[in-house]
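Nothing fancy with the numbering, it's 1 onward along the sequence.
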Amino acid sequence: MPINHAHGEVPDFPTWAAAMSQTSNRSLAGARLVLPDDTMTDCQRQRLISQAQEWGMVVQDVDSVDATASDDSARPHPADFDLPFGPTETMVDMRRSSGGEAIDWAQSRMPILTGLMARLKSEVDFGSARIATCLILEPKTAVLLRELKRAGAEVGVYCEPGAVDQRVADQLKQEGITVCADSSWDDDQARQGALDLMDRITPNLIIDDGASFARLALRERPHMAADLMGVAEETTSGVRAFAAMERDEALTFPVIAVNDSLMKTDFDNAHGTGETCLTTMQSLLGAHCFQGQRVLVVGYGPVGRGFALGARALGAHVSVSDTDPRAALRAVFDGFPSQDTSEALPVADMVISATGVTHTIDLEDMQAMKSGAVLAVIGGIANEVALDRIPNWLPSQVDEVMTISVPDGPELTLISQGDGVNYTAGGGNPIEIMDLSFAVQVSALAHLIRHGRELDRRVHRLPDQVDRRIASLALEARGYQVRHQASETVQDWRTTRFDARREKSQA
């Protein structure tokens, strides 16, 4: 059901959030919601403020924004992260723009990546880097590729056909970036495209998604893999795969677990994926599709948590199921009941898989669901929903909402053919969120250029100061501040509370 409003009508928060997220690909979380002063009742305003704050927005009135905007010392870029609340028909729909316009729109809203690259290229020689990227190919990724090319690196990109924004792929080719991606490819062509990228640029660095590209290189181009300075891995599932390779002593190059950076996990996973999966589902099922629905989130990692919090803000009754008792307890402390799937599946109106683990929702799970229930994946690994166990399963290339008949079970409503919702049916993670994630990515590349030849062949984390540097840039760009202490407050380790009491009694 498309999002639609009469001219000039002021929407409610679910409708506004879905429209703003999908048309602009801006991040609601972390932005300032600017409220008009006279278009809502007090009850409407308080409801809106509550939903926006639960979503992760800072709420301000127009008058306070205007007053603050005049104080450049308080907010150096007052408008960059402001989102005005109002009628949806006034929003710019970047989905209808050209590839170049979409990339430029994203680039103008990614100050952390562009600012950090300006510093890093004075510290690191990117001219020696030949970088193969295996990422969702859309405008934010294009900004990353542009910045790396501008810094002197040779850059190429591969993407599976289902995640290619063709207008962006065509634009990057015109800009001289090697693109091995086409939305019309079949499976064999897609595999060959990955090999073609390896052969065309013989990379010494890889940005990977799911560890797929690097593992293909190990099998099919072992000579190239042996020359790698290292791999920067984007995803939870990819880090798991590389960790398993390390345990089996099969890892022949160092890996930087970009996904383990707090600036990636705490923002990209929790806010970016959670938010855009919600709003993409709203664009497919209706702005109020979550209102009053019983939603089961399977997997309470950062992605599942972000989705659960957002769904609750949109009026859903959310429960959580996780195999890890620590994650389940965290859900309970966040206000969500923790249930076994055997109890929750038969009554759920929506079942959301958020694990990145194959067969999270198995055939038996689908058989236990009620007829007409919605089934969606917000992790994004092959067969996270066990569609391969449904006989004669032939996914459509066009149906984003389809009905599937489960053997000896119900008919279910499947979203995006069981693939990751936000990048197959939507615009992917928001611009401002990917600004942070790609800042971590380029920091990982810089670390590998500096140290890759001397690092152990295992999975590494970036130093803590990398996260702190990116977070400081992000706060500064938004006009916020971090506390500065006049002096170090950590006590000498030799001094205990007993010494302090004794000194006080003797004074």
Side-chain angles (χ1 to χ4, degrees), residues 29 54-56 210-211 233-244 247 257-278 281 290 293-314 316-362 364-366 368-369 374-386 418 420-422 429 433 437 459 461 467:
E54 189 168 1
W55 195 279
E233 172 54 49
E234 174 85 359
T235 66
T236 303
S237 59
V239 171
R240 287 175 185 153
F242 282 128
R247 289 193 298 271
V258 170
N259 185 75
D260 290 356
S261 162
L262 291 181
M263 290 306 298
K264 163 57 164 78
T265 303
D266 282 5
F267 299 91
D268 184 312
N269 295 20
H271 294 291
T273 305
E275 177 176 298
T276 51
C277 285
L278 284 162
M281 290 183 67
F290 293 100
Q293 296 295 290
R294 288 169 292 188
V295 177
L296 173 64
V297 178
V298 183
Y300 202 69
V303 170
R305 182 174 188 266
F307 188 94
L309 291 169
R312 182 168 63 188
L314 297 177
H317 305 294
V318 182
S319 60
V320 168
S321 183
D322 199 296
T323 58
D324 187 334
R326 297 167 297 182
L329 185 63
R330 188 178 304 116
V332 170
F333 272 65
D334 283 340
F336 301 110
S338 173
Q339 298 176 290
D340 185 64
T341 49
S342 62
E343 177 185 354
L345 283 170
V347 298
D349 300 305
M350 294 184 180
V351 176
I352 310 297
S353 181
T355 65
V357 176
T358 302
H359 287 193
T360 294
I361 307 299
D362 209 339
E364 291 76 13
D365 296 320
M366 287 185 272
M369 293 171 63
V374 172
L375 179 58
V377 170
I378 63 173
I381 194 171
N383 293 313
E384 189 164 330
V385 171
V421 167
N422 64 335
N429 281 1
I433 296 295
S437 293
V459 178
R461 289 187 176 185
D467 271 356

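Side chain of D324 to backbone of R326: a donor-acceptor contact under 3.5 angstrom is found. Of the possible donor and acceptor atoms, none in the side chain of Q339 sits under 3.5 Å from a partner among the backbone N and O of V320. Under a 3.5 Å cut-off, the side chain of E54 and the backbone N or O of R312 do not form any donor-acceptor pair. For the pair E384 (side chain) and G356 (backbone), a donor-acceptor distance under 3.5 Å is present.
The distance from atom CZ of R461 to atom CG of N259, rounded to the nearest 0.5 Å, is 9.5 Å. Rounding to the nearest 0.5 Å places OG1 of T360 at 9.0 Å from CG of D365. Here the CE-CG distance, from M263 to D260, works out to 15.0 Å after rounding to the nearest 0.5 Å. Interatomic distance, CE of M281 versus CG of L314, reported as 11.0 Å (0.5 Å rounding). Atom CD in E343 sits 9.5 Å away from atom OG in S338 (nearest 0.5 Å). Of the inter-residue distances, the one linking M369 atom CE with M350 atom CE reads 10.5 Å to the nearest 0.5 angstrom.
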For R330 and D322, what are the C-alpha separation, side-chain angles and deciding distance, and is it a side chain to side chain contact (heavy atoms under 4.5 Å, CB included)? CA-CA 10 Å; R330 188 178 304 116; D322 199 296; over 6 Å; no
For the pair D349 and V374, evaluate side chain to side chain contact (heavy atoms under 4.5 Å, CB included) and give the outcome as yes or no after the intermediate values. CA-CA 6 Å; D349 300 305; V374 172; over 6 Å; no
Apply side chain to side chain contact (heavy atoms under 4.5 Å, CB included) to residues V385 and M366 and explain how you reach the verdict. CA-CA 9 Å; V385 171; M366 287 185 272; 3.8 Å; yes
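Residue K264 forms a side-chain hydrogen bond (donor to acceptor under 3.5 Å, both in side chains) with just one option from N269, D467, T235, and that option is N269.
In terms of heavy atoms, I361 sits closest to S353 at CG1-CB, 3.9 Å. Contact record, V421 with C277: CG1-O, 4.0 Å, taken as the closest heavy-atom pair. Of all heavy-atom pairs spanning T276 and G272, the tightest one is OG1-O, 2.7 Å. Closest non-hydrogen pair, R240 versus T355, comes out as NH1-O, 3.3 Å. H271 and D266 get closest at one heavy-atom pair: CD2-O, 3.3 Å. Summarising the geometry of W55 relative to A313, their closest heavy-atom pair is CE3-CB, 4.3 Å, with the distance given to 0.1 Å.
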Cut-off 3.5 Å, no hydrogens considered: what does the side-chain donor-acceptor table look like for residues 296-309, sequence neighbours left out?
{"from": "Y300", "atom 1": "OH", "to": "D334", "atom 2": "OD2", "distance (Å)": "2.7"}
{"from": "R305", "atom 1": "NE", "to": "D334", "atom 2": "OD2", "distance (Å)": "2.7"}
{"from": "R305", "atom 1": "NH2", "to": "D334", "atom 2": "OD1", "distance (Å)": "3.3"}
{"from": "R305", "atom 1": "NH2", "to": "D334", "atom 2": "OD2", "distance (Å)": "3.4"}

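Using a 4.5 Å cut-off on side-chain heavy atoms (C-beta onward), T273 and D268 make contact.
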